[in-house]
Asker: 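This structure is in C-alpha cells; I'll ask about it shortly.
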Amino acid sequence: MISILNKYKNPILIITILFFVGSLGFVGAGVFMEEYGPNAAVAKVDGEPIKYKDFLRNVELVSQEARNQEDYTEDTEKAIRQQVLQAMITQETMAQAAEKFGIGVSDLEIGYEIKNSPAFNDGNGFNKNAYIWVVRNQFHLNPAEYEAQLKKEKLASKFQNTLILAAKVTPQEEKLLKEETDKVFASDKEAAKKLSSDADTAQAALQLAAIQVKAQDLLKSYSDKINGENKIKLFYKD
C-alpha cells in the first residue's frame with residue numbers, strides 16, 4: 001500500500017471503499033497481532049496475511065503527513081491506525097477479487113507506471129538509481145516489494161472500475177433518485193438554481209449519483225458474501 005489513502009480521493013472510489021469497510025463491521029483500536037515475529041499479521045483475507053510490519057510502515061507514512069497538517073493527538077493516532085488497517089483489508093480483498101474474476105496486471109503495466117512516475121525522474125527521464133533510493137528511503141521497501149505492492153494496488157483499482165462499469169442504472173432507479181434529489185433541492189433553492197441552469201450538467205450529475213448508489217449495492221453484495229464465508233479474520237490485542 002503506497003499512499004493508499006490518497007488513492008481514495010476519487011469520489012466514486014471513496015463511496016464504494018467506505019461502504020465496503022462499513023460492511024466489514026470493523027471495530028477497535030490499538031495493536032492487533034495473530035503471532036509475533038517477521039510473519040506477525042494484523043489480519044488475514046482468505047488466508048493471505050496483512051503483515052504487522054507493513055501495517056506499521058503505512059501508519060507511519062500517513063502519520064508523518066498528519067503531523068504536518070493538524071494537531072496530532074493520541075486520538076489522531078488511533079484513528080489513523082483504524083483507517084489504515086481498514087484500507088489495507090479493503091485493498092487486499094479487492095485485489096483478490098480481481099484475480100478471481102480473471103483481471104490481471106502485466107509486468108509491462110508495472111514497468112510503465114514506474115518509468116513514468118515523477119518520483120523516479122531526475123529531469124532527464126527515468127533514473128534507476130533514483131528509483132531504488134526513493135523506494136528504499138521513502139517507502140521503506142526493496143524494489144521487488146514495491147512492485148508487488150504496486151501490482152496489488154492496480155488490481156484493486158481495476159476491480160473497483162469493473163464494479164462501476166457493471167453498475168447499470170435502470171430508468172426506474174434513475175427516476176427514484178431524481179425524486180429524492182428534488183426533495184433535497186426543495187430545501188436548498190440556491191443549489192437547485194445553480195444546477196438547473198445547466199441541464200446537461202444536472203443530468204450528468206444525476207447519472208453519476210445513480211451509478212454511485214448502484215456500485216455501493218454491488219460492493220455490499222460482494223462484501224456480504226466474503227463475510228458470510230468467514231474469509232476476513234482480524235486479530236486483536238486488548
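Source: prediction; values computed, not measured.
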Asker: Kindly give the heavy-atom pair with the smallest separation between Lys151 and Val105, and that separation in Å.
Answerer: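 Answer, listing the atom of Lys151 first, then Val105: CE-O, 3.8 Å.
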Asker: Nearest 0.5 Å, what's the CD-CG distance between Glu147 and Asn142?
Answerer: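 Between Glu147 CD and Asn142 CG, I get 9.0 Å after rounding to 0.5 Å.
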Asker: State the OG1-CD distance between Thr90 and Gln83, to the nearest 0.5 angstrom.
Answerer: 11.5 Å
Asker: Hey, are Gln91 and Gln149 close enough side-chain-wise for a donor-acceptor pair under 3.5 Å?
Answerer: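 On atom types as modelled, these side chains qualify, holding a pair under 3.5 Å.
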Asker: For the pair Lys158 and Glu109, find out whether any cationic side-chain nitrogen is under 4.0 Å from an anionic carboxylate oxygen.
Answerer: yes
Asker: How many angstroms lie between atom CG of Asn121 and atom CD1 of Ile114, to the nearest 0.5 angstrom?
Answerer: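 Atom-to-atom, Asn121:CG and Ile114:CD1 are 14.0 Å apart.
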Asker: Count the heavy atoms belonging to other residues, nucleotides or ligands that lie under 6.0 Å from CG of Asn137, then report whether that count exceeds 12.
Answerer: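 Enclosed.
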Asker: Tell me if a side-chain donor or acceptor on Gln96 pairs with a main-chain N or O of Val45 at a distance below 3.5 Å.
Answerer: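 A pair under 3.5 Å: yes.
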Asker: Is there a side chain to side chain contact (heavy atoms under 4.5 Å, CB included) between Leu56 and Arg81 once you walk through the steps?
Answerer: CA-CA 8 Å; Leu56 285 184; Arg81 294 171 76 89; 4.3 Å; yes
Asker: I need the Leu85 CG to Asp54 CG distance, nearest 0.5 Å.
Answerer: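 Going from the CG atom of Leu85 to the CG atom of Asp54 covers 12.0 Å.
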Asker: Calculate, to the nearest 0.5 Å, the distance between atoms CG and CD belonging to Leu155 and Glu92 respectively.
Answerer: 9.5 Å
Asker: Looking at Asp46 and Lys100, does any basic side-chain N land under 4.0 Å from a carboxylate oxygen?
Answerer: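 Yes, this pair counts.
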Asker: What are the two closest heavy atoms between Ile89 and Thr93, and how far apart are they?
Answerer: O-OG1, 2.8 Å
Asker: Mind checking whether Tyr131 and Phe126 have parallel, tilted or perpendicular rings, split at 30° and 60°?
Answerer: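 The arrangement is tilted - the two ring planes meet at 30° to 60°.
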Asker: Closer than 3.5 angstrom, by distance alone: can the side chain of Ser63 be matched with the main-chain N or O of Val59 as a donor-acceptor pair?
Answerer: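 Judged by distance alone, yes, a pair lies under 3.5 Å.
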Asker: With distance as the sole criterion, is a donor-acceptor pair present between the side chains of Gln82 and Gln86 under 3.5 Å?
Answerer: no
Asker: Run the salt-bridge test on Glu74 and Lys78 with the 4.0 Å N-O cut-off and return the result as yes or no.
Answerer: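 Counted as a salt bridge, because a side-chain N and a carboxylate O are separated by less than 4.0 Å.
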Asker: Where is the tightest heavy-atom contact between Gln138 and Trp133, given as atom of each residue plus distance?
Answerer: NE2-CZ3, 4.0 Å
Asker: Do the charged groups of Glu48 and Lys44 touch, with an N to O distance under 4.0 Å?
Answerer: no
Asker: Aromatic rings Phe139 and Tyr146: how do their planes relate, parallel, tilted or perpendicular, breaks at 30° and 60°?
Answerer: parallel
Asker: Side chains of Glu113 and Leu150: does their closest heavy-atom pair fall under 4.5 Å?
Answerer: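 In short, these two side chains touch, coming nearer than 4.5 Å.
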Asker: Decide yes or no on salt bridge (charged side-chain N to carboxylate O under 4.0 Å, His left out) for Glu60 and Arg67, but give the supporting numbers first.
Answerer: CA-CA 10 Å; Glu60 181 57 27; Arg67 291 185 190 106; 3.3 Å; yes
Asker: Starting at CD1 of Ile103, measure out to CG of Asn161 and round the result to the nearest 0.5 Å.
Answerer: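 Ile103 atom CD1 to Asn161 atom CG measures 9.0 Å (nearest 0.5 Å).
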Asker: Mind checking whether Met88 and Phe55 have side chains closer than 4.5 Å, heavy atoms only?
Answerer: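 SC-SC contact between Met88 and Phe55 confirmed.
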Asker: If every non-hydrogen atom of Pro143 is compared with every non-hydrogen atom of Ile132, which pair is closest and at what distance?
Answerer: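 Heavy atoms only, the tightest pair is CG-CG1, 4.3 Å.
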Asker: Test side chain to side chain contact (heavy atoms under 4.5 Å, CB included) on Tyr112 and Leu108 and set out the steps.
Answerer: CA-CA 6 Å; Tyr112 180 85; Leu108 184 63; 5.6 Å; no
